[in-house]
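Here the structure is a predicted model, which means the values were calculated and not measured. Index from 1, following the sequence.
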Amino acid sequence: MYTKDLDVTFINECVHFQSYIQSMKNSPSTIIDMSSMLKIEGLEDIYPYVSIALHMFLCTFLNMAKAYFDKVWHQDLLYKLKTIFPICYYLLFKSYLEHRHLTISLGSGLSKISTINAEVLHGAVVAPILFNLYTSDQPITKNIITGDFADDKAILALYSEP
């Protein structure tokens with residue numbers, strides 16, 4: 001815990017809010033219920049830090065390292081790149097992604113040669129950019145904010161009414 005990052009006011013507010021919740025007959029059981037209760041009962045001004053903290057809990061952080069390296073389908077990515085970039089850049093990326101093969105050696109054995117159809121190379125400088133372009137058309141609504149960098153994603157669902 002980063003104790004120097006927490007203001008004493010926030011800690012005191014959490015203690016008071018916990019006492020308030022415990023004194024209720026039908027206390028809220030989820031974060032959304034707590035946040036809604038603060039709004040409905042006009043308690044956001046009394047517990048502003050708690051209100052902010054509850055909204056932060058509604059934010060999801062994802063690390064998509066496995067998807068980042070192994071699940072980028074080349075044909076789909078190339079289609080997106082063709083719609084975004086001039087043809088010269090598209091052809092450059094196409095040559096980077098196509099005609100890649102792999103083989104596995106174990107002891108003295110060697111596997112057959114396989115084509116790589118869905119991978120962005122590990123450690124490549126352009127890999128985070130390609131992955132962000134690949135995932136840039138994810139469905140969102142007016143109440144969802146997303147932030148992306150390489151294989152990290154934050155999804156924040158906002159709502160104004162309980």
Between S111 (side chain) and T103 (backbone), is there a donor-acceptor pair under 3.5 Å?
no

Atom pair CG (N26) and CE (M24), whose distance is rounded to the nearest 0.5 Å:
7.5 Å

I want to check something: taking the side chain as every heavy atom from C-beta on, are I116 and H74 in contact at a cut-off of under 4.5 Å?
yes

How about L102: does its CG atom have over 12 heavy atoms from other parts shown lying under 6.0 Å from it?
yes

Using a 3.5 Å cut-off and no angle test, enumerate the donor-acceptor pairs between side-chain atoms of residues 85-99 and protein atoms at least two apart in sequence or in another chain.
| unit_1 | atom_1 | unit_2 | atom_2 | d |
| --- | --- | --- | --- | --- |
| S95 | OG | L92 | O | 2.8 |

Atom OG of S36 and atom CE of M34: how far apart are they, to the nearest 0.5 Å?
11.0 Å

Who passes ring pair (Phe, Tyr, Trp, His ring centres under 6.0 Å) against Y47, sequence neighbours left out?
F17

What distance separates L81 CG from L130 CG, expressed to the nearest 0.5 Å?
6.0 Å

Cluster overlap Y134 with Y79, hydrophobic side-chain contacts below 4.5 Å:
no

Shortest non-hydrogen separation from I84 to L133 and the atoms involved
CD1-CD2, 3.9 Å

With a sphere of 6.0 Å drawn around NZ of K80, does it hold more than 12 non-hydrogen atoms of other residues, nucleotides or ligands?
yes

Going by side-chain heavy atoms closer than 4.5 Å, which hydrophobic residues are tied to L110, directly or by a chain of links?
none

Could you go step by step and tell me if M37 and I21 meet the side-chain contact (heavy atoms from CB on, under 4.5 Å) rule?
CA-CA 10 Å; M37 182 211 54; I21 294 292; 3.7 Å; yes

